[in-house]
Amino acid sequence: MQQQRTPTGSSSDLSVSIMEEKEQLKLPNPGSCGVHLKRQLLLSWYAQSGRDLPWRRCRDPYQIWVSEIMLQQTQVKTVIPYYHRWLEQFPSLESLTVANLQQVLKAWEGLGYYSRARNLHRAAQKIVQEYGGVFPRQLQEVLALPGIGPTTAGGILSAAFNQPVAILDGNVKRVLTRLVALSVPPAKAMKQLWQISEALLDKEHPRDFNQALMDLGATVCTPKNPNCTSCPWKDSCQAYNLGIQSQLPMRELSSPLPHKTIGVAVIWNEQGHILIDRRRPEGLLGGLWEFPGGKIEPGETIEECIKREIQEELNIEIEVGDRLITINHAYSHFSITLNVHHCRHLSGIPQPVECDEIRWVTLEEIDQFPFPKANIQIIAALRQNAE
DNA sequence: TACACGTGGGT
DNA sequence: TACCCAAGTGT
């Protein structure tokens, strides 16, 4: 049974307790027994309880890179099917390079944060041009690739080449926050957290150590109801020994998400084709296709909104008809209600005023194009209607 | 530093 | 239902 201890009575060498809020982090003595023991305990735990994940079965930097990008802000369970499909379609860095962006976005469809796919594609070209298609091993070179920040760089270099580069992903952040009982939200202490991650890293076993740290966060030191009794670090965990593990990490105050009401048009022409447009390559859902529409203005009806937006965005006249479906969808920073109506094309040739490209497509062809999730619901509704 | 950037699952 | 959270990066 673990004894409760006060912060001052702790033997930890990573003491940033809530009692010492303003005090600078004391870095551990690199050779100290505390750090050495923690490494040993964690690596033993990992050998026993670590996860068996697909990307851990190889040392190919390309495959590990793909996994690291997919795993950004995304759970392992979600990534695994995408990861296998991706490697079937783009088995090598070279094959990714020669693919076009639409194919890449289609393979990414549904994963979200589509700039990851765009950057993966761009970075692949850069690796071919600047490094002859060989994934670079220098930290500075890896960091210079689009879509790769400090955590992903550390993840790749440690996993693929066993280089001693630290990481600080969400799992590690939570583990370290509890280990030192960090008294501020992690975003306010990034520098300290990086220092701790670097100080703890086992330079003899960086690959296993980093993977172990992430597994600990994902399976033991979980956001809710952490399983502290099975944690290899419980003896030196400040939060556990203070009994406050479930209250950490501290939350940032969050304001309510704004909500937008959108009018969306499924525009039919006389041939029974549907109009879709490709969004500009940057920003929200960049490069994906969608059904055109826009935000409702004060005092406007949905029908008026759709007619106006289509006139402004495509420079055509339409007749707004029956409602097809209403969709509520939550993004990370706002939520929307999509009011989708069938519409009839009356006159004018659609112009890409606020988008990159316009197409008239059939319900059969539409699957070739990458769409955001909310729009896939519209396509499903169209299919049901067609039956 | 703070915010934009998707989606699915958990409570 | 509504909110939180997840292998972060770019600006």
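Small disclaimer: the values here were computed from a predicted structure and weren't measured. Order of the sequence lines sets the chain letters (A, B, ...), proteins ahead of strands, with each chain counted from 1. The figures that follow rest on heavy atoms only: side chains count, while hydrogens, waters and symmetry mates do not.
A close approach under 4.0 Å does not occur between any side-chain nitrogen or oxygen of A/H333 and OP1 or OP2 of B/dA4.
Distance check on atom P: B/dG6 versus C/dT11 gives 14 Å, rounded to whole Å. The gap from the P atom of B/dC3 to that of C/dC4 amounts to 15 Å, rounded to the nearest Å. Distance check on atom P: B/dA4 versus C/dA7 gives 23 Å, rounded to whole Å.
Nearer the 5' end of DNA chain C, as judged by each residue's closest nucleotide, is the contact made by A/E68, out of A/L143 and A/E68. Projected onto DNA chain B by closest heavy-atom contact, A/A189 and A/T74 fall at different nucleotides, the more 5' of which corresponds to A/A189. Across the interface with DNA chain C, nearest-nucleotide mapping of A/L71 and A/P146 shows A/L71 to be the residue nearer the 5′ end.
Among the protein residues, A/W108 comes within range of no part of the nucleic acid, since none of its heavy atoms lies under 4.0 Å from any strand. As judged by a 4.0 angstrom heavy-atom cut-off over every strand, A/I64 is placed among residues making no nucleic acid contact. Residue contacts for A/T151: at a heavy-atom cut-off of 4.0 Å it reaches the sugar-phosphate backbone alone, with no base atom in range. At a threshold of 4.0 angstrom between heavy atoms, the contacts of A/R51 include nucleobase atoms, whether or not backbone atoms are also involved. Across all strands shown, A/L168 has no heavy atoms under 4.0 Å from either base or sugar-phosphate atoms.
Under the rule for a ring-ring contact (aromatic ring centres under 6.0 Å, His included), the partners of A/F369 that lie at least two apart in sequence or sit in another chain are A/W289. When the salt bridge (charged side-chain N to carboxylate O under 4.0 Å, His left out) test is applied to A/E130, no partner is found at least two apart in sequence or on another chain. The salt bridge (charged side-chain N to carboxylate O under 4.0 Å, His left out) check on A/E319 picks up A/R344, with sequence neighbours excluded. Under the salt bridge (charged side-chain N to carboxylate O under 4.0 Å, His left out) criterion, A/D52 pairs with A/R57, sequence neighbours left out. For A/Y46, the ring-ring contact (aromatic ring centres under 6.0 Å, His included) test picks out no residue, with sequence neighbours left out. With sequence neighbours left out, A/D169 forms a side-chain hydrogen bond (donor to acceptor under 3.5 Å, both in side chains) with no residue at all. For the side-chain hydrogen bond (donor to acceptor under 3.5 Å, both in side chains) test, no residue two or more places apart in sequence or in another chain qualifies with A/K173.
Residues from residues 284-293 of chain A placing a heavy atom under 4.0 Å of any atom in DNA chain B, listed by number, are A/L284, A/L285.
First and last contacting nucleotides of DNA chain C toward chain A (any atom under 4.0 angstrom from a heavy atom, 5' to 3' order): C/dC4 to C/dG10.
Under a 4.5 Å side-chain heavy-atom criterion applied to ILVMFWY residues, the cluster that includes A/L275 comprises A/I267, A/I296, A/I302, A/I306, A/I310, A/L314, A/I316, A/I318, A/V320, A/I358, A/W360 as well.
Within the model, atoms OG of A/S92 and CG of A/D60 stand 9.0 Å from one another, a figure rounded to the nearest 0.5 Å.
Among residue pairs with one or both ends in residues 205-215 of chain A, those qualifying as salt bridge (charged side-chain N to carboxylate O under 4.0 Å, His left out) are A/R51-A/D215, A/R56-A/D215; sequence neighbours excluded.
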Taking N or O atoms only and anything under 3.5 Å, show me the protein contacts with nucleotides 8-11 of chain B, one pair per line.
from  : atom 1 : to     : atom 2 : distance (Å)
B/dG8 : OP1    : A/K373 : NZ     : 3.1

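Two rings, from A/F90 and A/W86, have their centers less than 6.0 Å apart.
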